[in-house]
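Side-chain atoms are counted along with the backbone in the values below, which use heavy atoms only and exclude waters and symmetry mates.
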Amino acid sequence: MAFSRKYQKKVNKFSIALVVIILYGLAYGIPLLGMRNFLTSRWFPLIAVFLVLVSASYMLKLVSLLDSKKAKIPVMFTIILLFSFVMVTTPGINKDNPLVAKDTTVRNQFKSIEIEAIKTVTVKCSGNILMDSPYDSCLFYRDRAYDTRNATYFNIQHIQTGEIDGDPTILLRKSTVKEPISINDPERYGINIIQTLPEGFFNRFNAHDYARVYDNDEVFAYTKEGKTTRN
């Protein structure tokens, strides 16, 4: 039985609308629930391409409903402005957007003072550096002599036990006590826990067996007593 053209148009519109709702649900709903490992950022360009095509089609149809040519331009501009705002605040693109809970959002933009700390510490330290993720992305600005393979990251066992094997240089950002970071769980592959660093863990490096070798009031570096660093 053949469907009428009018019925087919209704089905097509419903199908497109359903796909858009699902895609927006993935883009916004999943991060809002704090499940950031469910949909990685590499999928957002694919979502965006489909949404752009659908949005452009509906924008043109919406504007065509207006009889006044003078009204079409400001209406189109307003629609584009609204879409631009929505895309800029997408959790997968802008981690600092106000629409996402701060306790589940890991900041991946860094201040100049945080970047400067990486530059200075990598000049002085040729060995292993233990830091939080995604602060490791600042290694792009490192001293050229530093081997980035020596960088390791806090995991949940460090936080729970306070024990750190070897004698790495510990790099701590003061903001991590209030802002969540991504902490690896070595027992579960690909799983990261989003949480702040406990103050007890943060402050334990002020103990007698650690020496503070760098301090810019935002980032601190510690080494075990007796460990030498290159000049």
Whether the Y153 and N155 side chains hold a donor-acceptor pair (N or O, under 3.5 Å, no angle test) is what I'd like checked.
no

Does the side chain of S175 come within less than 4.5 Å of V177's, by heavy atoms?
no

Between atom CZ of R204 and atom CD of E163, what is the distance when rounded to the nearest 0.5 Å?
6.5 Å

For residues M131 and I118, determine if any side-chain heavy atom of one lies less than 4.5 Å from a side-chain heavy atom of the other.
yes

How about D209: does its CG atom have over 12 heavy atoms from other parts shown lying under 6.0 Å from it?
yes

Step by step, work out the side-chain contact (heavy atoms from CB on, under 4.5 Å) result for E114 and N216.
CA-CA 9 Å; E114 292 174 316; N216 67 5; over 6 Å; no

Any residue meeting ring-ring contact (aromatic ring centres under 6.0 Å, His included) with F205, in chain and number order, not counting sequence neighbours
F201, Y210, Y222

Between Y135 and F110, is the ring centroid distance below 6.0 Å?
yes

Any side-chain donor-acceptor pair under 3.5 Å between S182 and D132?
no

K224 (side chain) donor-acceptor with G166 (main chain) under 3.5 angstrom
yes

Could you tell me which residues satisfy side-chain contact (heavy atoms from CB on, under 4.5 Å) with T148, sequence neighbours excluded, listed by chain and number?
L139, R142

Under 3.5 Å, is there a donor-acceptor pair linking the side chains of T223 and R212?
no

Quick one: does D185's side chain get under 4.5 Å of Q157's, heavy atoms only?
no

Using the test salt bridge (Lys or Arg N to Asp or Glu O under 4.0 Å), find all partners of K174 that sit at least two apart in sequence or belong to another chain.
D217

